[in-house]
There are 2 protein chains.
Amino acid sequence: FIVWCRCFTLWLTSPSFNRVHGISFAHRSELHKAKRIVVKLGSAVVTRGDECGLALGWKASITSQIFNWLCREMIIVTSGAVAFGKQRLRHEILLSQSVRQALHSGNGQHKEMSVPVLEARACAAAGQSGLMALYEAMFTQYSTCTAQVLVTNLDFHDDEKRQNLNSTLQELLRMNIVPIINTNDAVVPPPEPNSDLQGVISIKDNDSLAARLAVEMKADLLIALSDVEGLYNSPPGTDDAKFIDIFYPGDQQSITYGTKSRVGIGGMEAKVKAALWALQGGTSVVIANGTNPKVTGHVINDIVEGKKVGTFFSEIKPAGPSVEEQTEMARRSGRILASLKPAQVMNGSRSEHVILLLLCDPLPASRFDLSAGRLPSAMLMRLSLSLAKLNSLAVGLRQIAVAAQEIVGRVVRRTRVAHGLELEQVTVPIGVLLVIFEARPDCLPQVSALAIASGNALLLKGGKEAANTNCVLHQLTLEALSLHGVRDAIQMVSTREEVEDLCRLDKLIDLIIPRGSSQLVQDIQRAAKGIPVLGHSEGICHVYVDADADVDKVIKIVRDSKCDYPAACNAMETLLIHRDILRTPMFDQIIEMLRKEKVRIHSGPRFASYLTFSPSEARSLRTEYGDLECCLEVVDGVQEAVEHIHKYGSSHTDVIITENKETAEQFLKQLDSACVFWNTSSRFADGYRFGLGAEVGISTARIHARGPVGIEGLLTTKWVLRGDGHTVADFSESGRMTYLHENLPVEQDLTGQRGEI
Amino acid sequence: FIVWCRCFTLWLTSPSFNRVHGISFAHRSELHKAKRIVVKLGSAVVTRGDECGLALGWKASITSQIFNWLCREMIIVTSGAVAFGKQRLRHEILLSQSVRQALHSGNGQHKEMSVPVLEARACAAAGQSGLMALYEAMFTQYSTCTAQVLVTNLDFHDDEKRQNLNSTLQELLRMNIVPIINTNDAVVPPPEPNSDLQGVISIKDNDSLAARLAVEMKADLLIALSDVEGLYNSPPGTDDAKFIDIFYPGDQQSITYGTKSRVGIGGMEAKVKAALWALQGGTSVVIANGTNPKVTGHVINDIVEGKKVGTFFSEIKPAGPSVEEQTEMARRSGRILASLKPAQVMNGSRSEHVILLLLCDPLPASRFDLSAGRLPSAMLMRLSLSLAKLNSLAVGLRQIAVAAQEIVGRVVRRTRVAHGLELEQVTVPIGVLLVIFEARPDCLPQVSALAIASGNALLLKGGKEAANTNCVLHQLTLEALSLHGVRDAIQMVSTREEVEDLCRLDKLIDLIIPRGSSQLVQDIQRAAKGIPVLGHSEGICHVYVDADADVDKVIKIVRDSKCDYPAACNAMETLLIHRDILRTPMFDQIIEMLRKEKVRIHSGPRFASYLTFSPSEARSLRTEYGDLECCLEVVDGVQEAVEHIHKYGSSHTDVIITENKETAEQFLKQLDSACVFWNTSSRFADGYRFGLGAEVGISTARIHARGPVGIEGLLTTKWVLRGDGHTVADFSESGRMTYLHENLPVEQDLTGQRGEI
């Protein structure tokens, strides 16, 4: 504690510098517009070979990334000549010593050889040629020329020299040659003796060199790669250390630097000073780690593509809070929301909001989104909030309001552990949810209502297409929340935030719920590190027509399952037919109906084998068509149908049509899917239709909530144990107490005094 | 379908070849013993630059990996000279053409230039020097010499030539020089015209070359890197395609190769033939992907370290089934187990097993493990199965048997959706669980009983230390399971299997439950891709002593929480003291008790500020000591205590000691942890003590189960909908039906006819 308290706050100097060119980018998402980029490679990036010998790989991958961006103008500022040379010279000295020994003693036995202290400037000279040869070899792979430019900081002080340097670099860039710039370490003064830089000199020099150069060359972006992730508000590793994603010089952020770091005192401070200098000159700056094996392969790409890598320096602070701040505000407010007493809930604090939502007609804003651009009709359908949609929304929200009174804060289990020791398991909200939804704005009030009803804090990230509608709907929600002082519990995340970045906030977010295409869900499942994702990526639903099926029901159910809304995840994708039905009038009627509805049929391998001229074969029995298409396959009976579905299904929703109760129960019992239906359409798999009011999504995960997820799926439990000085030791063999473990009834708590938790 | 059916089964030839040296390795875990390794780099690995320009990075990382293993003898067989040369020659031709045009026309306008068809052998000659220069440049980075050796297959037919080659390579290896071998493409016959190899010739040749060389040089391992993941039993991408992890030539596995692949017909077949040839010569073979950006950086390391990368060729088939087969057997048996009717369960099918377990005394085996080696005493304590342990185990298992009758297959919700349309939500098992446990063998019967009771299939992976005890306990479980024909439902995974590999089986396993050190849990959380992990990595439990606390209870509870078993996750790590208690007799008594119990106290920053001479400061307020150490900090009151715990706690178990009911309820209500206790020891956070019988673990995750997890935590639900031809369209605005959504009572189902699901 004392150690990292001995630190100093950065003195934010305003360098005496006149703005040379335009302003820097305001947000990471604009970085891809950068035309001229200076990449500064710290010594660590160029030479670090002590860890798993990957230095070469790092360099190579950085080279290839620079090549990737050669449509831009790239300038490299490299360090590492000294460290490189040191390695080389040490090797040479050992070699020459051993030769000398061999010549003198002649017996081949080597004595302990001592390596003399190497002079840094000699190392720099020896290393520079090797370093350049390596860059040359690598860029030659891409048929790209490089040019070596050695400068000193003094070169910038002389106007003529500066001009010469400028025109040299301009000319090189014009010819698509990559200038590789380094300080001319062989002629600069040696590093100060007390800075324990261990051969990693000129970091400080190269930081300011890169900054000066970036401003001089009017670069749009300076990427400074070293072996630190970026800037922290206090030394990394301490309890309160927070990574600074975006640094605003105007902001009075207090940063404390640790007294020690691998590259000596002031390493990060010098970097920040240089970055601020460049920023004021109109160049955006990102400080990032170029040696992290996990991201090295694409660190430059990621930065230019606007991902949250390293610390971004921006002059313009966005109006709203950062997403991290939003999350914290939401959690704080969410805790208040969750602690509102059931009495308050019953008085309408939660249901009131729901009614409010319905009184204000959000249609105008919705119309605005619709006219804003030319969108495909499928999306228009999803965007629009028709009266019918609003109606069922209203019914659903009322159901939620009613359910909330019974479900939240409920005691689900009570046990008398021992005399005077009572255990309760009570439902509590999960915490902070992040809901990512595409078009569909009706998702917003549904999810908000479910979150409020279950006492969860909520981050909403909507699509750009419905931004206006979402904004109006969110405002309504906020009004309702304000009545109870929990306005911050539901936050709208800026559309600029990358989904991938949000998925990394595993310390802040407890559950991610993606609502949208299966592509979205898959992307999020992949991106979410350590945060559970509730959802399903595929909906391969089956309808099995048994031999004992009633033809009218078959036609009705198959039509509804496939044609009611073919793009839905609960639409039928594969129709399984009992073998005995083939070539019966019922079969003909099914095919006739599908033809009439313009459903394109793909045949499974077995079905195809029965026919002389079969329809096109299904590419795979695991296809989710999401359109007026389906696969048709033949099975021997209910057992084979179950096996087929277990093998090719996605455990979403599967249906049996039969009049035989026994067959049906076998199907319902054996099948492993989240929803199993008998003689009804697969389209019923829906929170509203199930009577849950609404759903945050349909889950095919096997733990936690499954199928349509309403309020109950947004709750978890906590265990409350009330005793009177009980200790575990009391229950040991020599102790005086024994466990009772009596189950107590839980009903009385709904009205009792203890129900307030 | 038809396309991939037109394929042919590999004709597994037994090459007429006499075994040269020892046998190949039987298992991946032995590969690290390989002393001489041949690495074959396919063209794709060496030249593929079309995707994100990473070719250089790949090569570099492979170079660095080869360097990593230079303590072994490494031989490189490289392809890629033709592709390399093609690129170069094309560039040269374009250049020379443009020069010619410039000279002839003189107007600087370039006409469309045509690139003539390049002769592969010329390309090879031109590319070889560039390729070698690149290898040279890269290995020079590691001060490693390389040597170029060009051979043809014919060189192996002549005994003298073969001998010469052999002694050349032996000599090079002796001098730590890396031989880089390629076919002398400039002199070999041109490739057949109809093999559409597009400049990627000599793959086939180099595969057999590498195999021959490996056998000739008596290499222990041949790593063949190309751009395919390895061997599949049918063309990848088809519905039934399964990756072959280990290929046994003796096994009559039928492999179908696709008709087309990027490298033409027979690419994979040739590789397999070459691999089998090498295998029979006594060299182990791994075919893997060297171009997959995610693993390239460590593919060679991973293979040598025995990880499941690519296809491993082994002559010796292990006795048992593979873990994938085990998982499938377990799932199949698990489904039968889950479908056993409640009546059967009540007749004792599940509880019977539990009793059986207790009748047979597993102590002898346990003693065997204990005497097997010299283990630290803490581990001995965990390994031993004392009578006391067995007793509480017996009580717990009986509780589980009783609970199973009430909990599994329960209807938790019933809704009349509409007239004739009834919805039920019933509890079902999660599926296949993987439990990874360290020492403690009592975990095995507990977890097995919970799995059987909840109808889940189970994979058990125990530590090596208790292998014998575990084996005996597992046998007992199998006997019980056999009575009901579900012997396969609980499988013991070989201790040889890597935990990391198991964590990748996301298609097969539904939930991972690690039981062991927090390091184990963290490792598994990191390794598990797409499989949820149930557990907690940290247990930072707090005890808050309020101003209104009773001194006797404080002493009892603090002593029990910290000293009963300091290594447990539910032991107290931080003691929070109300400010008013400081410098009171109660405070002195607490300190006195801790001193007596030899608990080392670390002071929090605020506590330290009150004292002139404070104990050593806590390194971090988030420390889990796991020993007779704790942190002591001062807070202003219950509100600050809650905030402190939210900030620094791990949401495991937190305790308040107070006589003030209001304060206690505030603490219990506001705190977010999985277990919140009033006036009792934190050590009660345990499935057995909670009356759950046993626990599979304690979860601090916020979704699904939380706190001690018993049977209920191993269940999920499915939705069963029974209708009579209902369609969603019936409920549309123009439809004739309306939703009722009546909640029906669920109690009657416990005895009713429908409870059989």
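Chain A is the first sequence line, chain B the second, and so forth, proteins listed ahead of strands; every chain is numbered from 1. Every value quoted in this text rests on a predicted model; they were computed, and no experiment measured them.
- Of the listed residues (A:Asp564, A:Asp560, A:Thr653), just one forms a side chain to side chain donor-acceptor pair (under 3.5 Å) with A:Ser681, and that residue is A:Asp560.
- Contact of B:Phe677 with chain A is made through backbone and side chain together, with heavy-atom distances under 4.5 Å.
- Per-residue heavy-atom pair counts under 4.5 Å with chain B were compared for A:Phe684, A:Tyr739, A:Phe731, and the maximum is reached by A:Phe684.
- If you measure heavy-atom distances from B:Tyr688 to chain A, the contacts under 4.5 Å come from both the backbone and the side chain.
- Heavy atoms closer than 4.5 Å to chain A are found in the side chain of B:Glu712, but not in its backbone.
- Two residues are said to be in side-chain contact when any heavy atoms from C-beta on lie closer than 4.5 Å; B:Val428 and B:Thr716 meet this criterion.
- Using a 4.5 Å cut-off between heavy atoms, B:Ala674 touches chain A through its backbone atoms (N, CA, C, O) alone.
- At least one side-chain heavy atom of B:Arg706 sits less than 4.5 Å from a side-chain heavy atom of A:Lys718.
- If you measure heavy-atom distances from B:Ser673 to chain A, the contacts under 4.5 Å come from the backbone alone.
- Ranked by heavy-atom pairs under 4.5 Å with chain B, the list A:Thr680, A:Val728, A:Ile430 is led by A:Val728.
- Neither the backbone nor the side chain of B:Leu740 has a heavy atom closer than 4.5 Å to any heavy atom of chain A.
- You'll find the side chain of A:Thr415 stays beyond 4.5 Å of the side chain of A:Gln425, heavy atoms only.
- Annotation for B:Arg683 and B:Arg689: closest pair O-NH1, 2.7 Å, computed over non-hydrogen atoms.
- Interface remark: B:Ile557 contributes backbone and side-chain atoms alike to the contact with chain A (heavy atom separation under 4.5 Å).
- When heavy atoms are compared at a cutoff of 4.5 Å, A:Leu423 approaches chain B solely by way of its side chain, counted from C-beta outward.
- A salt bridge does not link A:Lys556 with A:Asp550: every distance from a Lys NZ or Arg NE/NH1/NH2 to an Asp or Glu carboxylate oxygen is 4.0 Å or more.
- Side-chain contact between A:Arg722 and A:Glu424 is present, with heavy atoms from C-beta onward closer than 4.5 Å.
- Heavy atoms of B:Phe690 lying under 4.5 Å from chain A belong to its backbone as well as its side chain.
- Of all the listed residues (A:Arg413, A:Lys647, A:Glu659), the one sharing the greatest number of non-hydrogen pairs under 4.5 Å with chain B is A:Arg413.
- The shortest side-chain heavy-atom distance between A:Arg702 and A:Asp672 falls under the 4.5 Å cut-off.
- Listed here is the closest heavy atom pair of B:Gly707 and B:Cys675: CA-SG, 4.3 Å.
- Neither the backbone nor the side chain of B:Arg559 comes within less than 4.5 Å of any heavy atom of chain A.
- For A:Leu511, the part lying under 4.5 angstrom from a heavy atom of chain B is the side chain only.
- Contact annotation for A:Val417: only side-chain heavy atoms (C-beta onward) come within less than 4.5 Å of a heavy atom of chain B.
- Residue B:His726 touches chain A through both its backbone and its side chain, counting heavy-atom pairs closer than 4.5 Å.
- Between B:Asp510 and B:Arg331, the closest side-chain pair of non-hydrogen atoms falls below 4.5 Å.
- With a 4.5 angstrom heavy-atom cutoff, B:Asp730 touches chain A only via side-chain atoms.
- Contacts between B:Pro708 and chain A at a heavy-atom distance below 4.5 Å involve backbone atoms as well as side-chain atoms.
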